[in-house]
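Quantities reported herein were computed from a predicted structural model and do not represent experimental measurements. Per chain, numbering begins at 1; letters A, B, ... match sequence-line order.
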Amino acid sequence: MTTEHLDGNALAGPLAEIFSVDVTAATGRCASCGLSGPVASLRVYGPAPGFVARCPGCDEVVLRLVRGPDAAWLDLRGAVSLRVALPE
Amino acid sequence: MGIVSRGFRGRRREQDDRLPPGQYLVDDFPVLSAGPTPRVPLDRWEFAIDTEAEVTHRWSWPELMALAQTTPTVDLHCVTKWSKLDTSWQGVSLDTLFEDVETAAEYALVYSYGGYTTNLPLEDLLDGKAWIVHRYDGEELEPRHGGPARLLVPHLYLWKSAKWVRGIRLLDEDWPGFWETAGYHNYGDPWREQRYQGD
Ligand SMILES: [Zn+2]
């Protein structure tokens with residue numbers, strides 16, 4: 001029997017590559033209003049209880065990051081995508 | 001001098017008994033925000049309770065003011081580790097607001113002007129444990145502290161005491177709120193140090 005999907009471990013390499021870059025330089029697209037722009041242009045509230053990054057166009061939440069003592073939670077549901085420039 | 005220092009130590013011991021694990025005392029009132037401060041004009045303000053049967057109970061500002069007012073004095077515990085003792089508020093008990101609400105729901109999702117949400121079991125809002133407050137320390141509640149009105153549910157970490165409260169949705173299933181979907185504990189009991197998921 002063949003499976004159509006891969007184990008999540010298959011993401012380890014690709015995600016390590018993405019998260020080793022400076023994400024603030026990536027271009028994000030707001031899931032609420034569609035505005036695109038660098039993550040660095042988001043309006044960030046925090047650091048406590050967590051970082052909340054909001055769209056400069058519509059104020060909706062694009063990204064949230066909570067840092068606990070032994071784990072971090074990253075929520076990107078407010079972003080349609082992140083475009084990360086990588087070397088060819 | 002002996003009397004003074006014994007009195008001071010007694011006060012310290014009393015304060016320590018009221019301080020949950022991992023917390024420290026503050027005298028000021030820190031402001032933490034996850035977004036811009038909403039400004040809600042009182043003539044457009046309303047508070048609603050939406051039941052699982054899709055019945056909505058609404059109160060305008062004058063209607064809230066006309067309800068029985070209470071003045072709870074409570075200790076606050078923020079998940080970022082500060083605690084503030086003996087804070088004095090004025091507002092309406094949720095028992096009063098729930099008097100005519102028929103529900104069999106077990107869960108509540110509190111929602112705010114500005115989009116914030118937080119969840120808790122409905123029983124944690126009843127029996128004298130929670131209020132909608134609109135005055136703090138004898139003054140109108142400032143917008144940065146959640147005015148015109150905020151939820152006050154002091155037996156849980158302060159993120160459950162939603163600022164700029166707009167309503168409560170009653171649900172048959174638990175629906176995690178803003179911080180509860182981003183790593184914070186679903187219940188948030190300061191005495192059991194329930195800060196993060198898994199605590
Ligand atoms: Zn937007």
Side-chain angles (χ1 to χ4, degrees), chain A residues 8-9 11-12 15-16 18-20 22-24 26-82 84, chain B residues 21-24 26 28-40 76-84 111-119 143-144 146 156-164 175-188 190 193-199:
Chain A
N9 286 309
L11 289 171
L15 280 179
I18 287 169
F19 285 104
S20 66
D22 179 2
V23 174
T24 58
T27 301
R29 186 172 165 87
C30 172
S32 176
C33 76
L35 183 71
S36 287
V39 169
S41 72
L42 297 174
R43 294 175 179 160
V44 177
Y45 299 81
F51 285 103
V52 177
R54 291 175 179 270
C55 173
C58 72
D59 262 339
E60 285 296 322
V61 177
V62 175
L63 178 159
R64 300 185 295 167
L65 180 61
V66 168
R67 185 70 165 92
D70 58 3
W73 286 263
L74 174 64
D75 177 308
L76 280 166
R77 79 182 75 176
V80 175
S81 61
L82 278 183
V84 182
Chain B
Q23 299 291 108
Y24 64 88
V26 298
D28 60 340
F29 196 160
V31 174
L32 304 178
S33 66
T37 299
R39 308 279 163 172
V40 191
L76 306 180
H77 309 295
C78 180
V79 72
T80 61
K81 301 197 172 180
W82 59 264
S83 289
K84 187 170 175 62
Y111 55 95
S112 295
Y113 292 93
Y116 182 76
T117 57
T118 188
N119 61 304
R144 67 198 184 104
L156 300 177
Y157 280 126
L158 196 56
W159 90 77
K160 299 282 184 180
S161 294
K163 295 177 182 177
W164 315 297
W175 187 344
F178 186 86
W179 289 122
E180 294 85 357
T181 53
Y184 281 97
H185 196 277
N186 198 52
Y187 185 64
E193 221 175 338
Q194 294 173 335
R195 299 180 196 277
Y196 299 98
Q197 286 169 20
D199 283 352

Let me know if B:Thr80 has heavy atoms under 4.5 Å from chain A in its side chain, its backbone, both or neither.
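Looking at B:Thr80, just its side chain touches chain A.
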Given that the side chain runs from C-beta out, which part of B:Trp159 has a heavy atom under 4.5 Å from chain A: side chain, backbone, both or neither?
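No part of B:Trp159 comes within 4.5 Å of chain A.
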Working note: A:Cys55 + A:Cys33, criterion side-chain contact (heavy atoms from CB on, under 4.5 Å); need CA distance, chi angles, decisive distance, verdict.
CA-CA 9 Å; A:Cys55 173; A:Cys33 76; 3.7 Å; yes
Do A:Arg64 and B:Phe178 meet the cation-pi criteria used here (NZ or CZ under 6.0 Å from the six-membered ring centre, within 45° of the axis)?
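Output yes; distance and angle both within limits.
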Considering non-hydrogen atoms only, spot the tightest contact between B:Lys81 and B:Gly22 and give its length.
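Smallest heavy-atom distance, with atoms named: CD-O, 3.4 Å.
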Using a cut-off of under 4.5 Å for heavy-atom pairs, which of B:Pro30, B:Gly35, B:Gly114 has the most such pairs with chain A?
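The residue among B:Pro30, B:Gly35, B:Gly114 with the greatest pair count is B:Gly35.
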In terms of heavy-atom pairs under 4.5 Å with chain A, which of B:Cys78, B:Ala34, B:Gly115, B:Ser33 leads?
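The candidate making the most pairs under 4.5 Å is B:Ala34.
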Quick check on side-chain contact (heavy atoms from CB on, under 4.5 Å): which of B:Thr118, B:Thr117, B:Thr181 does B:Pro176 satisfy it with?
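One option only clears the test, and that one is B:Thr181.
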Flag, side chain of B:Lys84 to backbone of B:His77, donor-acceptor distance under 3.5 Å:
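Not at all, since once roles are kept as given, no pair shorter than 3.5 Å links the two residues.
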Pick one of side chain, backbone, both or neither for A:Arg77, based on which atoms fall under 4.5 Å of a heavy atom in chain B.
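The answer is the side chain of A:Arg77.
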Pick one of side chain, backbone, both or neither for A:Val44, based on which atoms fall under 4.5 Å of a heavy atom in chain B.
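For A:Val44, no heavy atom lies under 4.5 Å from chain B.
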